[in-house]
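In what follows, residues are counted from 1 in the order of the sequence shown.
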Amino acid sequence: MPSRESCKVQQEEKSLVQKAKREANQEDILVAALGMRMGPQKPPATFWQPLKLLAYSQLTSLVRRATLKESERTSKPQKVHNFKVHSFRGPHWCEHCASFMWGLMAQGVKCSDCGLNVHKQCSPLVASECKPDLRHIRKVYSCDLTTLVKAYNTTRPMVVDMCIREIESRGLKSEGLYRVSGFSDSVEEVKMAFDKDGEKTDISVNAYEDINIITGALKLYLRDLPVPVISFDAYPRFIEAAKLTDPEKKRELFSEALSLLPPSHSETLKYIMTHLRRVTQNEKFNLMNAENLAIIFGPTLMRAPDMDAITALNDIRYQRQVVEVLIKNEDGLF
């Protein structure tokens with residue numbers, strides 16, 4: 001009959017064997033997850049390949065989530081993704097979680113501006129900052145202002161820059177500038193040319209002798225923006241500022257309202273106001289003062305966000321006042 005000491009030794013040996021097996025299993029799992037082995041190399045086992053892929057996708061997912069949390073702490077994104085349900089041809093993997101996108105139709109969502117492909121449930125988790133790609137920009141008119149600026153890597157939309165340069169080179173003394181309309185078919189022709197050729201569009205005097213066609217194309221571009229130059233978020237603050245009578249408080253609230261604009265919108269508004277100020281400096285030739293221009297550009301640069309018809313109608317006079325103040329105080333507010 002074995003003694004107590006021999007039984008104790010056997011139990012300890014058994015315990016050591018079990019511990020060694022557990023450590024070996026843990027090492028194998030670590031090897032599968034990291035794709036490497038400590039010490040002497042062993043030939044890779046096909047059994048662990050699926051686990052390696054799963055571990056890689058999980059590690060990638062963790063890195064993406066960490067990046068998302070870091071980006072949320074740093075700053076608010078200038079441009080968010082424009083996700084739409086999409087049916088992918090052939091096998092596709094989610095660019096957020098690295099998992100396969102199952103199904104034959106509507107397997108996930110795709111950002112129409114940068115082309116990012118993710119599961120629908122992953123879309124709220126991806127980094128908010130969108131970097132638009134020119135390959136996914138189908139047109140210039142009706143394209144989101146920030147999307148266009150980022151896609152072309154410019155400060156302002158090329159339509160605004162090109163039209164204003166052309167107007168200032170040959171049209172500042174034209175009577176009724178911006179008030180007189182250009183031939184509608186020609187304005188539409190300029191629009192289609194920008195959509196097709198972008199920065200290569202010819203709007204010189206050789207192509208369009210009537211400067212009112214160029215002013216019409218600029219006004220049409222601004223009206224067609226899905227989010228106006230004075231964005232919906234900033235709109236209430238601008239209207240509130242226009243209603244104030246105290247000059248100091250009005251100026252302070254206007255500065256606060258301007259700070260709410262996205263960077264690309266702010267740069268575009270500043271450029272337009274500087275231009276309109278130059279137009280007013282030629283009033284004795286073009287007969288256009290700040291008040292006249294504000295009547296035209298009020299509803300062009302700003303629109304009421306989801307409001308009832310009566311409220312939107314009442315806001316028209318305040319929209320005019322907003323633009324008039326911006327033109328007259330262009331050098332101090334921007």
Side-chain angles (χ1 to χ4, degrees), residues 140-141 145 148-149 152 154-194 197-225 228-230 238 242 254 258 261 264-302 316 319-334:
V140 171
Y141 277 67
L145 192 152
L148 192 69
V149 165
Y152 279 90
T154 56
T155 306
R156 296 171 298 271
M158 101 278 283
V159 178
V160 175
D161 276 3
M162 291 175 64
C163 286
I164 287 180
R165 281 200 301 267
E166 192 65 29
I167 293 164
E168 293 194 349
S169 69
R170 60 185 174 100
L172 284 179
K173 295 183 179 181
S174 176
E175 186 175 329
L177 189 67
Y178 286 113
R179 178 177 55 80
V180 177
S181 299
F183 188 49
S184 59
D185 285 355
S186 297
V187 172
E188 191 65 26
E189 188 179 294
V190 174
K191 172 186 174 179
M192 290 189 293
F194 270 115
D197 301 324
E199 296 168 309
K200 298 179 181 178
T201 303
D202 182 12
I203 56 172
S204 66
V205 66
N206 296 326
Y208 302 99
E209 186 178 354
D210 184 5
I211 196 64
N212 297 311
I213 294 172
I214 309 304
T215 61
L218 175 59
K219 289 186 291 183
L220 179 60
Y221 171 76
L222 296 173
R223 285 197 303 268
D224 279 358
L225 287 172
V229 175
I230 294 179
F238 276 101
F254 261 98
L258 286 168
L261 293 174
S264 54
H265 286 243
S266 179
E267 284 293 331
T268 303
L269 183 62
K270 177 183 177 181
Y271 191 66
I272 293 172
M273 290 304 118
T274 303
H275 164 64
L276 295 181
R277 183 71 182 272
R278 292 195 191 102
V279 173
T280 63
Q281 290 169 354
N282 289 272
E283 182 187 350
K284 67 178 181 178
F285 302 105
N286 59 41
L287 308 179
M288 297 299 290
N289 58 26
E291 185 178 353
N292 293 336
L293 290 169
I295 293 171
I296 296 166
F297 279 91
T300 302
L301 293 173
M302 58 195 303
I316 290 177
Q319 292 173 1
R320 176 186 61 76
Q321 291 176 24
V322 166
V323 176
E324 187 175 352
V325 169
L326 291 175
I327 294 173
K328 289 181 176 179
N329 300 275
E330 167 267 328
D331 54 343
L333 286 173
F334 293 96

List the residues meeting side-chain hydrogen bond (donor to acceptor under 3.5 Å, both in side chains) with [X], not counting sequence neighbours, and say none if there are none.
X: Ser169; result: none
X: Tyr141; result: none
X: Arg165; result: none
X: Arg277; result: none

List for me each residue that meets side-chain contact (heavy atoms from CB on, under 4.5 Å) alongside Pro299, sequence neighbours excluded, and say none if there are none.
Gln319

Mind checking what makes side-chain contact (heavy atoms from CB on, under 4.5 Å) contact with Asn282, not counting sequence neighbours?
Leu172, Lys173, Phe285, Asn286

What pairs with [X] under salt bridge (Lys or Arg N to Asp or Glu O under 4.0 Å), at least two apart in sequence or on another chain?
X: Asp224; result: Lys191
X: Arg170; result: Glu166
X: Glu199; result: none
X: Asp202; result: none

Pairs involving residues 321-334, ordered by first then second residue, that meet side-chain hydrogen bond (donor to acceptor under 3.5 Å, both in side chains) (sequence neighbours left out)
Thr274-Glu330, Arg320-Glu324, Glu324-Lys328

For Phe297, enumerate each residue passing the ring-ring contact (aromatic ring centres under 6.0 Å, His included) test, keeping only those at least two apart in sequence or located in another chain.
Tyr178

Exercise: identify the closest heavy-atom pair between Phe183 and Ile213:
N-CG1, 4.2 Å

